[in-house]
Visitor: 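Next up is a structure, given as structure tokens.
All values below were derived from every heavy atom in this structure, side-chain atoms included, with hydrogens, water molecules and symmetry-related copies excluded.
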Amino acid sequence: MALVGATLSLLVSPPAAAQVGYPPGACTATVASSGDFGAFPVGSTVTLTIRAVCTFTDTTATVVVNGQAAGTKPIAPDGTVVVTVTILSPTELSVNPVVRGQCGTNTVSVTGFSASAGTTVTQTATFTLACPGVRPAARPVRGRVAFTGDNIARWSAVALFLVALGGGLVMLDRRRARARSEG
């Protein structure tokens, strides 16, 4: 399968308002927003450029993929973290190291220190691993209340009544026919 390159970025800019006073800034202590980067087949390379609302300011950030530690990545001078994910198979993703992947949604979280927030912040991104022959999970459909036994009992009673009525009419017709033939 040909290697497909995809470069995507999730850029969430910091607030435009001036930040005055202490504690520093108007940033939330933990930022957990997400962006869906689309669907990719096995053999693809997905490059995620992630920037936290409260810009990362340390030298490295911790990366977690699908709940598994995936090492650290350097933070660029502009506060972004680049995470390159190579989809090796439906169950393996190479982020250096190799971590478990899954058909469907995969989650990449980056956590690093932010001076403007005064604490660590987390930014999350997702992408979909499109596996051949594997159908995505069905989405729930909002609809009516379930068709239950009470509804079945009602229509069963109607059907039983109609069968009895039909049987009674057949018996009545046979009696009339017998009375005509005898008389």
Side-chain angles (χ1 to χ4, degrees), residues 1-13 28-53 62-70 81 83-95 97-111 121-183:
M1 187 177 254
L3 183 64
V4 178
T7 303
L8 304 166
S9 64
L10 173 67
L11 298 174
V12 183
S13 59
T28 306
T30 302
V31 178
S33 61
S34 64
D36 185 359
F37 288 94
F40 303 92
V42 172
S44 298
T45 297
V46 181
T47 302
L48 309 171
T49 302
I50 301 171
R51 176 181 313 190
V53 172
T62 303
V63 179
V64 175
V65 178
N66 295 328
Q68 305 161 74
V81 176
V83 180
T84 303
V85 180
T86 302
I87 303 170
L88 302 175
S89 74
T91 59
E92 290 185 318
L93 305 173
S94 175
V95 188
V98 174
V99 294
R100 284 187 314 271
Q102 60 194 17
C103 294
T105 303
N106 290 271
T107 304
V108 178
S109 297
V110 176
T111 302
V121 294
T122 300
Q123 186 71 33
T124 303
T126 62
F127 67 93
T128 303
L129 174 50
C131 297
V134 177
R135 292 169 42 186
R139 292 185 176 176
V141 177
R142 269 186 97 136
R144 303 180 322 200
V145 175
F147 191 74
T148 62
D150 184 43
N151 294 337
I152 293 170
R154 183 181 323 142
W155 290 110
S156 296
V158 170
L160 185 61
F161 171 76
L162 291 174
V163 168
L165 180 65
L169 290 173
V170 168
M171 286 176 39
L172 182 64
D173 188 51
R174 287 182 182 170
R175 283 184 184 168
R176 284 185 184 171
R178 194 178 315 142
R180 273 189 245 140
S181 67
E182 290 176 1

Visitor: Among Leu48, Val85, Val108, exactly one meets side-chain contact (heavy atoms from CB on, under 4.5 Å) together with Val95. Which residue is that?
Guide: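 The option that passes is Val85.
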Visitor: About how many Å separate CG of Leu165 and CG of Leu160, when rounded to the nearest 0.5 Å?
Guide: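 If I round to the nearest 0.5 Å, the distance is 11.5 Å.
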Visitor: Say you draw a straight line from CG of Leu162 to CH2 of Trp155; how long is it, rounded to the nearest 0.5 Å?
Guide: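 If I round to the nearest 0.5 Å, the distance is 9.5 Å.
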Visitor: Going through the distances and angles, do Thr126 and Thr128 end up as a side-chain contact (heavy atoms from CB on, under 4.5 Å)?
Guide: CA-CA 7 Å; Thr126 62; Thr128 303; over 6 Å; no
Visitor: Return the CD1 to CZ distance between Ile87 and Phe127, rounded to the nearest 0.5 Å.
Guide: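 Rounded to the nearest 0.5 Å, the CD1-CZ separation comes to 5.0 Å.
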Visitor: Checking Thr62 now: which residues fulfil side chain to side chain donor-acceptor pair (under 3.5 Å) with it, not counting sequence neighbours?
Guide: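 Thr62 satisfies side chain to side chain donor-acceptor pair (under 3.5 Å) with no other residue.
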Visitor: By the side chain to side chain donor-acceptor pair (under 3.5 Å) test, which pairs, at least two apart or in different chains, include something from residues 100-109?
Guide: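 Those involving residues 100-109 are Asn66-Asn106, Ser109-Thr124.
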Visitor: Side chains of residues 168-183: which donor-acceptor partners sit under 3.5 Å, not counting sequence neighbours?
Guide:
residue, atom, partner, partner atom, Å
Ser181, OG, Ala177, O, 3.4
Ser181, OG, Arg178, O, 2.9

Visitor: Testing the basics here: between Leu88 and Ser94, what is the closest heavy-atom pair and its distance to 0.1 Å?
Guide: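 Heavy atoms of Leu88 and Ser94 come nearest at CD1-CB, 3.8 Å.
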Visitor: Could you tell me the separation between the CD atom of Gln123 and the OG1 atom of Thr111, rounded to the nearest 0.5 Å?
Guide: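 Atom-to-atom, Gln123:CD and Thr111:OG1 are 10.0 Å apart.
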Visitor: Apply side chain to side chain contact (heavy atoms under 4.5 Å, CB included) to Thr91 and list each qualifying residue two or more places apart in sequence or on a separate chain.
Guide: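 So Thr91 forms a side chain to side chain contact (heavy atoms under 4.5 Å, CB included) with Ser89.
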